[in-house]
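Each chain gets a letter, A, B and so on, in the order its sequence line appears, and its residues count up from 1. Quantities reported herein were computed from a predicted structural model and do not represent experimental measurements.
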Number of protein chains: 2
Amino acid sequence: MKNRSDRISILDIATQAGVSPATVSRVFNAPQLVNERTRQQILAVALEHGYRPNASARTLRTQRSHVIGVVLPTLTNPVFAECLQGIAQATAAHGYAIMPATTEYKIANEIEAVAQLQAFGVDGVLLVVSDAQTSQAVANLRAQETPYVLVYNRHPAHPCVSVEGERAVHDLVQNLVQLGHTRFAMVCGQLQASDRAQQRYAGFVAGMKKAGIQPAALIEVPFVETAIDNISSVLNTDSRPTALICSNDLLAVRAMRAAYQCRLRVPQDISVTGFDGIGLGQDLTPALSTIAQPNAEMGHEGVQLLVRSIEEGRVPVADDSITLDYEFHRGESCAQAPIHYCANS
Amino acid sequence: MKNRSDRISILDIATQAGVSPATVSRVFNAPQLVNERTRQQILAVALEHGYRPNASARTLRTQRSHVIGVVLPTLTNPVFAECLQGIAQATAAHGYAIMPATTEYKIANEIEAVAQLQAFGVDGVLLVVSDAQTSQAVANLRAQETPYVLVYNRHPAHPCVSVEGERAVHDLVQNLVQLGHTRFAMVCGQLQASDRAQQRYAGFVAGMKKAGIQPAALIEVPFVETAIDNISSVLNTDSRPTALICSNDLLAVRAMRAAYQCRLRVPQDISVTGFDGIGLGQDLTPALSTIAQPNAEMGHEGVQLLVRSIEEGRVPVADDSITLDYEFHRGESCAQAPIHYCANS
DNA sequence: GTGAAAGCGCTAACAC
DNA sequence: GTGTTAGCGCTTTCAC
């Protein structure tokens, strides 16, 4: 009986085609070295059996797996899902496979994921880490000289594909000030769990300072489950903000929900902005105002950079970093500050 | 100079620990066979070098990769992203890695993905295909006796983890009829590209029949880009429906947008329901009414079923199929039919 | 243009 | 309880 484990091998193809395994191998790896007629002959036999060279054997022999590892926080947030989608498409176009792992924002998982990927012999890894500066996982990659590129993270000492989050939020604040807003609050997840959120917050602070506005509330939302309550409690105060700048789109959606529950209209009573540019944001009502990153493209570029350096036999370095443009989507969730607040200021 | 390609091997560990490679191997694969003291000794050396057995070599030797392939349409739709998240967590818990590929709903990509995964020697594959009945990719898996489980697809001849989509929509129609609705329309993507959508539509038709209601409009949306326009054109007619049953949540969000653009209030003027239960749906305003599938759990169960049968050395069969419960989330996007329409009926 | 043979790193008989 | 050895399927010199 045919057993699943005795798959057809290069030797079978060689035998049936009346050539040596070396020739069959050449057909797949250096076809120009093989006589046209024998090549066709071999290809015919291979096709008939649906033969493809065993990747583990090839990897073992060549020390090249044609697999890219990917480490990211979660696929529950569409930003990362969209990015992974971009990664998947780009790698497929280059003939690579991907091996992703999610960390749930846990440092220990980042480290474990990288170790596992290294055991699988991935040619390189793309990561979104909690904090590029202090990441042990990244340090390990570097120590082993495994090529890697950070995505979303932005740090001068590492090869990164990122967006200027700090500047983006800084400019956003100016933008809202133009619209008459003077009372702001920023909504973040746990700041220490994300260098991106920290950078966005830094932009917020800088923007406020630039505009000469009082330092404003930071609403740190420890768990997504309670986000709406956390935000509502701020919106229920007398001195509530007229603009809520959220460090990501998922929070912005919840902020709009919180506003609704507090009987505030978006954007008439309160403006809400997000960050990320998840696809769904544009289809919401009101359409989400957000600093849109080109998520799929970030994945694309990361793959591009990583694959190129892998194929050139070098490791990507900080100088290879790519900064992509973000785009402020005006949306419908932000507008002029409400009149009576303007009067107050 | 240290080269990235000469990673530490089992032989290095063996030499340094003063044992044979076989003993080192045993420490990782059958620790109980090794003397406690030598085991500790070897573990210490391994830890010091951060050694992990090379997965390609292990795979080549044992014919077991500990990798699960995943084939799905896209990660741009949160349903699949949430499911993959569940898959990633479950596989990690079992010590497996995943290798996903996206098909963009193209049959050719399904076939190619499966072939690539087979070349990588995955131990099994989880797939969401366009049409289980006619899938060549699935047929190939079966021909090679590669263990596989379908997720979301529901078909009597295959091992599936799914939800009774047909019944769900059938019941939903009754539900809406109870609320006074008599004019319905169903919104789908391209029906021939998804057996799930077909099943949901069948449930719609059956539900209408059961309620003794006129066969209603089917709004087939060929491209997501134009979804809102397609839907709007139906909403702008005199005989517009009072309830829009959408075959997935992404379409439902766009349907709500279309309603808004047509100056119809959801749910006062028109009720909208989705299907899938994407996480974001509950945070929207109005909260999305939907038939919620347990997306992460579907991934979990698929992994469970697949891994169990892999470890028992058999292939999952149709009889192993699992039907999970869906849950109707009432949400805020559906309500009583508007009065003047009731009067009409 | 093609073949013979060595060896990538590991595991699993089998021997002791 | 541990070591010796063959071989998984492939690529790649080197020889012809």
Side-chain angles (χ1 to χ4, degrees), chain A residues 3-43 45-46 49-67 118-123 144, chain B residues 3-43 45-46 49-67 116 118-123 144 313:
Chain A
N3 184 312
R4 158 162 157 50
S5 54
D6 36 66
R7 294 245 313 280
I8 209 103
S9 90
I10 198 171
L11 198 61
D12 301 310
I13 303 298
T15 309
Q16 187 169 336
V19 297
S20 78
T23 303
V24 177
S25 175
R26 287 188 191 103
V27 168
F28 288 96
N29 300 298
Q32 71 285 4
L33 297 184
V34 179
N35 177 292
E36 174 66 16
R37 271 178 48 75
T38 32
R39 203 174 64 92
Q40 292 302 342
Q41 155 74 352
I42 291 169
L43 242 23
V45 176
H49 294 23
Y51 169 79
R52 292 222 187 177
N54 177 312
S56 299
R58 174 164 42 69
T59 297
L60 186 56
R61 178 63 236 243
T62 62
Q63 307 291 7
R64 291 270 279 98
S65 62
H66 291 268
V67 177
Q118 294 194 126
F120 272 101
V122 297
D123 291 339
Q144 308 278 340
Chain B
N3 184 312
R4 160 163 155 50
S5 54
D6 35 65
R7 293 245 314 280
I8 209 102
S9 90
I10 198 171
L11 199 60
D12 301 310
I13 303 298
T15 309
Q16 187 169 338
V19 297
S20 78
T23 302
V24 177
S25 175
R26 286 188 194 103
V27 167
F28 288 95
N29 299 299
Q32 71 285 4
L33 297 184
V34 179
N35 176 291
E36 174 66 15
R37 272 178 47 73
T38 31
R39 204 175 63 91
Q40 293 301 343
Q41 155 72 354
I42 291 169
L43 242 23
V45 177
H49 293 38
Y51 169 79
R52 291 224 187 175
N54 177 312
S56 298
R58 175 164 40 71
T59 297
L60 186 55
R61 179 61 237 242
T62 63
Q63 307 291 7
R64 292 271 279 100
S65 63
H66 291 267
V67 176
Q116 191 193 28
Q118 294 195 127
F120 272 101
V122 297
D123 291 339
Q144 308 278 339

Mind checking side-chain hydrogen bond (donor to acceptor under 3.5 Å, both in side chains) for B:T59 and listing every partner two or more places apart, or none if nothing turns up?
-> none

Looking only at heavy atoms, which two atoms of A:F120 and B:A55 are closest? And how far apart?
-> CD2-CB, 3.5 Å

Can you check whether A:N54's main-chain N or O pairs, donor with acceptor, with A:R7's side chain at less than 3.5 Å?
-> no

Rounded distance in Å - CZ (B:R52) to P (C:dC10) = 13 Å

Write down the distance between CG (A:N54) and P (C:dG9), rounded to a whole number of angstrom.
-> 16 Å

Heavy atoms only: give me the nearest A:A17-A:V45 pair and the separation to one decimal.
-> CB-CG2, 4.1 Å

Rounded distance (Å) that lies between atom C1' of D:dG3 and atom CD1 of B:I42 = 12 Å

For B:I10 and B:P21, the nearest pair of non-hydrogen atoms, with its separation, is CD1-O, 3.5 Å

Closest-nucleotide ordering on DNA chain C, the 5'-leading residue of A:L60 and A:A22 | A:A22

Just by modelled atom types, is the B:H66 backbone N or O under 3.5 Å from a matching donor or acceptor in the B:R58 side chain?
-> no

Quick one: is A:Y51 getting a side-chain N or O under 4.0 Å of the D:dG9 phosphate, OP1 or OP2?
-> no

Identify the heavy atoms of A:A119 and B:P53 that sit nearest to each other, and give their distance.
-> CB-O, 3.9 Å

Under-4.0 Å side-chain N/O to phosphate OP1/OP2 contact, B:Q63 with C:dT11 = no

Close residues, residues 26-41 of chain A, relative to DNA chain D [heavy-atom separation under 4.0 Å] | A:R26, A:N29

With sugar-phosphate meaning primed atoms plus P, OP1 and OP2, does A:T23 contact a base, only sugar-phosphate, or nothing at under 4.0 Å between heavy atoms?
-> sugar-phosphate

For the pair made of CZ in A:R58 and C1' in D:dT12, what is the distance, rounded to whole Å?
-> 15 Å

Can you tell me which residue pairs pass the salt bridge (Lys or Arg N to Asp or Glu O under 4.0 Å) test with a partner in residues 29-39 of chain B, sequence neighbours excluded?
-> B:E36-B:R39

Given axes from five pairs at either end, by how many degrees does the helix from C:dG1-D:dC16 to C:dC16-D:dG1 bend, rounded to 10°?
-> 30°

For B:A46 and B:I13, which heavy atoms make the closest approach, and how far apart are they?
-> CA-CD1, 4.1 Å

Taking DNA chain C as the partner, which of residues 11-19 of chain B come within under 4.0 angstrom of it by heavy atom?
-> none

Between OG on residue B:S56 and CD on residue A:Q63, distance to nearest 0.5 Å | 8.5 Å

Cut-off 3.5 Å, no hydrogens considered: what does the side-chain donor-acceptor table look like for residues 22-33 of chain A, sequence neighbours left out?
{"residue": "A:S25", "atom": "OG", "partner": "A:N29", "partner atom": "ND2", "Å": "3.3"}
{"residue": "A:N29", "atom": "ND2", "partner": "A:S25", "partner atom": "O", "Å": "3.0"}

Name the closest nucleotide to the B:I10 side chain, picking from C:dA4, C:dT11, D:dT11.
-> C:dT11

Take atom CZ of B:R64 and atom P of C:dT11, then tell me their distance rounded to the nearest Å.
-> 13 Å

Quick one: is B:S9 getting a side-chain N or O under 4.0 Å of the C:dG9 phosphate, OP1 or OP2?
-> no

Counting side-chain heavy atoms from CB outward, which of C:dT11, D:dG3, C:dG3 is closest to B:R61?
-> C:dT11

For B:G121 and B:S65, work out which heavy atoms get closest and say how close.
-> O-OG, 2.8 Å

